[in-house]
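Nothing here was measured: the structure is a model prediction, and the numbers come from that model. Below, chains carry the letters A, B, ... as their sequence lines are ordered, and counting in each starts from 1.
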Protein chains: 2
Amino acid sequence: MIQSLNEHNREDLQEALGKGGQKLTPQREVVFAVLLAQRDHPTVDEVFNRARESMPGLSLATVYNCLETFVGCGLVRQVNHERESTRYCPNLAPHAHFRDKETGQVHDIELPPEVMKSLRSILPPGFDSEVIEISFLGRTKANDPLHSN
Amino acid sequence: MIQSLNEHNREDLQEALGKGGQKLTPQREVVFAVLLAQRDHPTVDEVFNRARESMPGLSLATVYNCLETFVGCGLVRQVNHERESTRYCPNLAPHAHFRDKETGQVHDIELPPEVMKSLRSILPPGFDSEVIEISFLGRTKANDPLHSN
DNA sequence: TTAAAGAGTTAGAATGAGTCTAAACTGCAA
DNA sequence: TTGCAGTTTAGACTCATTCTAACTCTTTAA
Ligand SMILES: [Mn+2]
Ligand SMILES: [Mn+2]
Ligand SMILES: [Zn+2]
Ligand SMILES: [Zn+2]
C-alpha cells in the first residue's frame, strides 16, 4: 500500500515538527503516513519495509532518525515489552498496551482519568512522576474489532 | 561485602529451585544472596561484580544462567525500563517501579489490591491478562527511607 | 550567479546486552 | 569405578540500535 498523508495530517505533522525546530521532509512524510495507516505498533523494520513501498531509496537509518524525531516532537510514543524490538504508536491519548502472548500483537487500552488518578495516588510523598507506562501481557479470546486493527 | 544466605533463605531457595526441578548450587546461593542483600534492582553486571567478591571464579554467563533460573522459578522479577539493561528484583509482593530520571535509581512502589482491580477493570471483554507491569518515570524530592535502600 | 552553511539522508561500521556453543566439572547412582 | 544428567565456564555470536563520515538538498550571503 502506497502511503501518503492528507492535507490535514500533513499540516499537523509540519506544525509539530516546526515547534521542535525540525523540517518537513518527504521521508518524514512517508514514515509518518505509515504509522497513521496501520496502527498496529510496528517495529522499526516493519515501518521500514512498509515505507519502502512508496519510497524505494529510503534507508533504515533514516527510519530510525525519523522515528526518533517524532518521539522528540511528541508525535509518537515508543512501546517496549521486555527486551523485544521497540514499537511505535501514534495514539496520543493516554492509553496502556496489551500484548497478546500468542500472536505478539499489541493493542491499545484506553486509560480513564480516574484510573490514572488512582495510580498517581499510590506514589509516596516526594515521588513526582511525569510518565506512567502500563502494559498487560495475556491472551485475547474474541476479536474485538475496536482493538484488533 | 561477602554474601551468604541464612538458613531460612537457603531453605526457601532450595525449595523453590526444587519445585522447578533445579538444584541448589554454590553459585546460585551467592547470586541469590546478592539480590537479597541490596534490593536496589541491580543489572546483571552489578550482580556479577558484587557476587565475585565472595566467589572470584564466578563467570558472567553463570550469573545470566542463575538469574534466568530464578525468574523461571518465580523467585525474582525482571525489570525493564525502555531499552536499558535488565534489572532484577527479589520483591515478590505486587509492586510497581519508579525510576528516578536523575539518579537512575529504581524504587519499589506498593500496589494496593484495589488499584490492581481498577486496572484489570479497564480491559475490554475478551482480554485476559496474567501480568501487569507498571512503571513510573520521574523525580524523587525527599529521600524516603522506606523506598531508598 | 556562485559559494558557503546547515539540515537531513545514506551506507556501512561499531556497540553492547543478551544468547549460544562446546568443553570441563560436579554430584549422584548403577 | 563408571556413567550420566545437570551445571558452569570462556568465548563466539546475534541483532537492535547507535555512530560516523560522505553525500544531497535547500537556504542564505556575497
Ligand atoms: Mn488536527
Ligand atoms: Mn519463608
Ligand atoms: Zn499504543
Ligand atoms: Zn522491584
Student: Other hydrophobic cluster members with B:L17, side-chain heavy atoms of Ile/Leu/Val/Met/Phe/Trp/Tyr under 4.5 Å, chained?
Tutor: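 ILVMFWY cluster around B:L17 also holds B:L5, B:L13, B:L24, B:V30, B:V31, B:F32, B:V34, B:L35, B:L36, B:V44, B:V47, B:F48, B:M55, B:L58, B:L60, B:V63, B:Y64, B:L67, B:F70, B:V71, B:L75, B:V76, B:Y88.
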Student: Roughly, in whole Å, what's the span from CZ in A:R83 to P in C:dC20?
Tutor: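 After rounding, the gap between these two atoms is 14 Å.
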Student: Can I get a per-line list of side-chain donor-acceptor pairs under 3.5 Å for residues 116-127 of chain A, giving both atom names and the distance, sequence neighbours left out?
Tutor:
| unit_1 | atom_1 | unit_2 | atom_2 | d |
| --- | --- | --- | --- | --- |
| A:S118 | OG | A:V115 | O | 3.2 |
| A:S121 | OG | A:S118 | O | 2.6 |

Student: Could you state the atom-to-atom distance from CG of B:L24 to C1' of D:dG6 in whole Å?
Tutor: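 Roughly 14 Å, once rounded to whole Å.
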Student: Mind checking salt bridge (charged side-chain N to carboxylate O under 4.0 Å, His left out) for A:E102 and listing every partner two or more places apart, or none if nothing turns up?
Tutor: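 With neighbours one apart ignored, the set is A:R139.
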Student: Base, sugar-phosphate or nothing for A:L58? Non-hydrogen atoms, less than 4.0 Å.
Tutor: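 It contacts sugar-phosphate atoms only.
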Student: Round to a whole Å and report the spacing from CG of B:L60 to C1' of D:dA12.
Tutor: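 So the two atoms are 14 Å apart, to the nearest Å.
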Student: Are side-chain N/O atoms of B:R99 and B:S135 paired as donor and acceptor at under 3.5 Å?
Tutor: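 B:S135 and B:R99 do not have a side-chain donor-acceptor pair below 3.5 Å.
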Student: Heavy atoms within less than 4.0 Å of DNA chain C: which residues of residues 62-78 of chain A have one? Give them sorted by number.
Tutor: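 Contacting residues: A:T62, A:N65.
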Student: Is any side-chain nitrogen or oxygen of A:S85 closer than 4.0 Å to OP1 or OP2 of D:dC15?
Tutor: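 For D:dC15, OP1/OP2 do not have a side-chain N/O of A:S85 under 4.0 Å.
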Student: Using whole Å, what does the distance between atom P of nucleotide C:dT19 and atom CD of A:E84 come to?
Tutor: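 So the CD-P distance, A:E84 to C:dT19, works out to 12 Å.
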Student: When all nucleic acid strands are considered with a 4.0 Å heavy-atom cut-off, which category describes B:T43: base, sugar-phosphate, or nothing?
Tutor: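 Since no nucleic acid heavy atom lies under 4.0 Å of B:T43, the category is nothing.
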Student: Under 3.5 Å between N/O atoms: give me all the protein pairs with nucleotides 5-8 of chain C, atom names plus distance.
Tutor:
| unit_1 | atom_1 | unit_2 | atom_2 | d |
| --- | --- | --- | --- | --- |
| C:dG8 | OP1 | A:K23 | N | 3.2 |
| C:dG8 | OP1 | A:R28 | NH1 | 3.1 |

Student: Return the residues of residues 44-57 of chain A meeting this criterion: a heavy atom under 4.0 Å from some atom of DNA chain C. Order them by number, or give none.
Tutor: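 Residues of residues 44-57 of chain A that come under 4.0 Å of DNA chain C are, in numerical order, A:G57.
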